[in-house]
Amino acid sequence: MMNLMTGLSGMGIHLGGWRHRDSYDTTCMDLENTINTAKIAERGKFDMLFLADGNAVRQMDKPALFAANSPSDRPAVFEPVTLLSAVAMHTSRIGLLATATTTYEEPYLLARKFASLDHLSKGRACWNVVTTSYPGDALNFSLTEHVARETRYERAREFLDVCKGLWDSWADDAFVQNKDTGQYLDPTRVHTLHHKGKHFTIKGPLNVARMPQGYPVMFMAGQSEPGRDLAAYGADCVFAVTNTKKEGQAFYADIKGRMGKYGRHPDHLKIMPGASVYVGRTASEAEEFYEELQSLISPQVGVPYLSKLCEMDLTPFPLDGPMPDLSGETNAIASFRNSIAEMATRDKLTIRQTYERVLPSMGHVTFKGSTKQVCDEIEDWYTSKACDGFNISVPTVPRGLETVVELVIPELQRRGLFHEDYTGKTLRENMGLPVPTNPHFPPWREAAK
Ligand SMILES: Cc1cc2nc3c(=O)[nH]c(=O)nc-3n(C[C@H](O)[C@H](O)[C@H](O)COP(=O)(O)O)c2cc1C
């Protein structure tokens, strides 16, 4: 069965999505609308809700784009773990995926937050482990520039090891809470970490009991060499940026092929490319909706938006001239830039044509058409081993998501590609991911007790 997740942003992926007449009137700090979105996704049996995140207000140097609020820039949003804790109280089965950075967070605090979310949600926590894409975040953490990629990934690996060590602090049954004997906890059922590494010195143990899932589901998004390697080492899921089935197949084979050296089985990591879905009862209904949204975006906003994704100022270049060379190095999200460069070269696109292509999906692949056409594409990618499922983005909320739930999900279920209902209690069980063993209290020793 494939896995599906969707974003929890109230805005939709299309830059003009929030302006559509059917979209929420308010999305800024709006808990009620967020909970409504979560309930729609849970009705559609999505495995997970996804919250991307950053720690800076972006694009203040691009006034038109700043004012229009690109969906990935989020000038005013809730902190993800806090928001998902609230959403957990209004949902019961869907996974809750919060983005948090290993570059600026502290492992003890973050391990504690995710362990708490997993307890609060009864085993539905998922962590999108990012090393931070936006260089400007550095300025909010007492630095003058973005940390170099190699250093970010080096710290990330140690950060993950520390978190896992902290999550292994307690045996499942450590807290006996025996009112008769007066014993609250069993002192033989705790392990103190004593970690000393290049980036962190952390004693432990964690002051949260072992969480229902052992560890939260670990999600990653980096696609550079060190990013892929970290995913093969420690991710349960990867958010891929692949614009064609062929790119998807290459990425899929590459990541799964790297897992052996870490002693991992390829089925224990799910590859989930982003895909934007524009679906209608007929192909022309989908096309009409798409064109309506495209018409909301002028070049004054479209060009800075593309500049942001490519990390290159495109405003001095002629709008209807070719895309300039994008082959230089970047310290942020290389995958978006590479993918856009490849598309523009392959299809000989002008700057205007490139931003028009990128607008609907923010650099991910777009599936547009009737229910059959969209489901055929999804099925084809999945059965061709280009992915294990998708992170489905919708152009507007709530309409775009409701349409996917009404049209696409039932068709995928009818084809036997997607589950009819949640089958497990925790997110790991629902996604078919293994539950990590606590090395200090392994099952064989537990059984012999
Ligand atoms: C699809 C995708 C989504 C990402 N989401 C976030 C995010 O929400 N917040 C963030 O700070 N970084 C995010 N990142 C950045 C990555 O964690 C990483 O720092 C960046 O991509 C650079 O690594 P790479 O060159 O290995 O891709 C994302 C990257 C990709 C490819």
Side-chain angles (χ1 to χ4, degrees), residues 5-9 11 13 48-58 70-75 77-81 83-84 97-105 110 126-141 146-157 159-160 218-235 237-243 247-248 251 254-255 258 270-276 308-311 326 328-341 358 361-365 387 389-393:
M5 56 192 271
T6 190
L8 188 54
S9 137
M11 297 190 67
I13 190 103
M48 266 191 286
L49 288 164
F50 172 46
L51 270 181
D53 195 51
N55 285 291
V57 173
R58 309 176 182 188
S70 134
S72 62
D73 289 331
R74 307 173 292 267
V77 285
F78 289 107
E79 187 286 315
V81 179
L83 178 60
L84 290 178
L97 164 47
T99 295
T101 177
T102 53
T103 302
Y104 302 116
E105 293 269 4
L110 202 66
C126 178
W127 172 19
N128 182 25
V129 182
V130 298
T131 67
T132 290
S133 53
Y134 187 63
D137 285 21
L139 308 184
N140 292 328
F141 294 92
H146 198 20
V147 181
R149 179 180 281 112
E150 295 295 330
T151 313
R152 297 204 311 267
Y153 276 112
E154 186 189 83
R155 181 181 153 108
R157 188 172 291 213
F159 197 117
L160 287 188
M218 306 290 273
F219 206 92
M220 294 186 199
Q223 338 256 298
S224 61
E225 265 303 307
R228 288 173 186 225
D229 221 54
L230 185 66
Y233 170 71
C237 302
V238 175
F239 184 7
V241 184
T242 45
N243 259 295
E247 268 174 43
F251 183 77
D254 179 89
I255 297 276
R258 290 173 193 240
K270 311 281 183 176
I271 310 261
M272 315 272 285
S276 300
K308 173 195 92 149
L309 283 175
C310 298
E311 290 170 67
L326 293 174
E329 260 299 298
T330 161
N331 191 20
I333 305 190
S335 43
F336 281 128
R337 175 195 259 210
N338 296 343
S339 175
I340 292 168
V358 168
S361 62
M362 238 169 58
H364 296 284
V365 67
C387 66
F390 287 96
N391 181 4
I392 292 194
S393 295

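Quick note: residue numbers are just sequence positions, from 1. Both ligands and their constituent atoms are indexed starting at 1 by order of listing.
- Formation of a donor-acceptor pair under 3.5 Å by the Asp137 side chain with backbone atoms of Thr132 is not found in this model.
- Proximity of Tyr134 to ligand 1, defined as any heavy-atom pair under 4.0 Å, is not found for any part of the residue.
- Judged purely by atom type and a 3.5 angstrom limit, Arg155 has no side-chain atom pairing as donor or acceptor with the backbone of Tyr153.
- Considering backbone and side-chain atoms together, Thr131 places an N or O closer than 3.5 Å to an N or O of ligand 1.
- Per-residue contacts place Tyr153 under 4.0 angstrom from the following atoms of ligand 1 (heavy atoms of the residue considered): 18 (C), 23 (O), 24 (P), 26 (O).
- Between Arg258 and Glu225, at least one side-chain N (NZ, or NE/NH1/NH2) sits under 4.0 Å from a carboxylate O, which counts as a salt bridge.
- A donor-acceptor pair under 3.5 Å links the side-chain atoms of Thr6 to the main chain of Ile392, judged by distance alone.
- Under a 4.0 angstrom heavy-atom cut-off, Asp53 registers as being in contact with ligand 1.
- Proximity of Val241 to ligand 1, defined as any heavy-atom pair under 4.0 Å, is confined to the side chain (atoms from C-beta onward).
- Using a 4.0 Å cut-off between heavy atoms, Met220 makes no contact with ligand 1 at all.
- His364 and Phe336 have perpendicular rings, their planes meeting at more than 60° on a 0 to 90° scale where under 30° would count as parallel.
- For ligand 1 and Thr99, the ligand atoms under 4.0 Å from any heavy atom of the residue are 7 (C), 8 (O), 9 (N).
- Considering each of Ala52, Ala240, Ser133, the one bringing a non-hydrogen atom nearest atom 12 (N) of ligand 1 is Ser133.
- Annotation: Ser224 places an N or O atom under 3.5 Å from an N or O atom of ligand 1; distance criterion only.
- Within the listing of ligand 1, atoms 24 (P), 26 (O), 27 (O) sit less than 4.0 angstrom from a heavy atom of Gly222.
- Atom CE of residue Met5 and atom CG of residue Asn391 lie 3.5 Å apart, to the nearest 0.5 angstrom.
- Ring orientation note: the planes of Tyr104 and Phe141 are close to parallel, at an angle under 30° on the 30°/60° scale.
- Ring-centre distance between Tyr134 and His146: not below the 6.0 Å cut-off.
- Residue contacts with ligand 1: Arg149 is placed with a nitrogen or oxygen under 3.5 Å of a nitrogen or oxygen of the ligand (distance criterion only).
- Residue contact check for ligand 1: Arg152 places a non-hydrogen atom closer than 4.0 Å to it.
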